[in-house]
Amino acid sequence: MSLETSALGRERVARAIECVSCGQTGSVDCGTIDVPDCNGDVRSILIGISDGFYQTPGAGKPDDPQIICNRCGAVQRDCLTLSL
């Protein structure tokens, strides 16, 4: 995981991901949200995703997208959660 700070002071995170089912690898680029969630985790907004994966709206939460593997269709859990 690599961090950069934007001109607005928010961090941009590039994070490697591996499919939980088939092992396909890729990356997601996220921007952190200033306020941690109820578990103390920093939530992120999706900026970009590498080939091999795609985004769908989250189940019941439009601000919580799901990342899906192109190869096997598995949902990638917690790709956008960064523990403090």
**Fill in**
Closest non-hydrogen atoms of Q24 and F53, given as atom of the first, atom of the second and distance, are O-CZ, 3.5 Å
**Prompt:** Is any side-chain heavy atom of C69 closer than 4.5 Å to a side-chain heavy atom of Q76?
**Reply:** yes
**Prompt:** Should Q55 and I68 be marked as a side chain to side chain contact (heavy atoms under 4.5 Å, CB included) after you check the CA-CA gap, both sets of side-chain angles, and the distance that decides it?
**Reply:** CA-CA 6 Å; Q55 171 188 349; I68 311 293; over 6 Å; no
**Non-hydrogen atoms of V20 and A74 that approach each other most closely** = CG2-CB, 4.4 Å
**Prompt:** Looking at CZ of R15 and OG of S27, how far apart are the two atoms once the value is rounded to the nearest 0.5 Å?
**Reply:** 11.5 Å
**Fill in**
Closest non-hydrogen atoms of C22 and R71, given as atom of the first, atom of the second and distance, are SG-CD, 3.6 Å
**Message:** Does any part of the side chain of I49, heavy atoms only, come nearer than 4.5 Å to the side chain of I67, both counted from C-beta?
**Reply:** yes
**Prompt:** Given side chains that start at C-beta, do those of V28 and I47 come closer than 4.5 Å, heavy atoms only?
**Reply:** no
**Request:** With rounding to the nearest 0.5 Å, note down the distance linking OG in S50 to CG in D29.
**Result:** 8.5 Å
**Message:** Could you tell me if the side chain of C19 sits less than 4.5 Å from the side chain of C72, heavy atoms only?
**Reply:** yes
**Message:** Measuring only between side-chain heavy atoms, which start at C-beta, is Y54 closer than 4.5 Å to N70?
**Reply:** yes
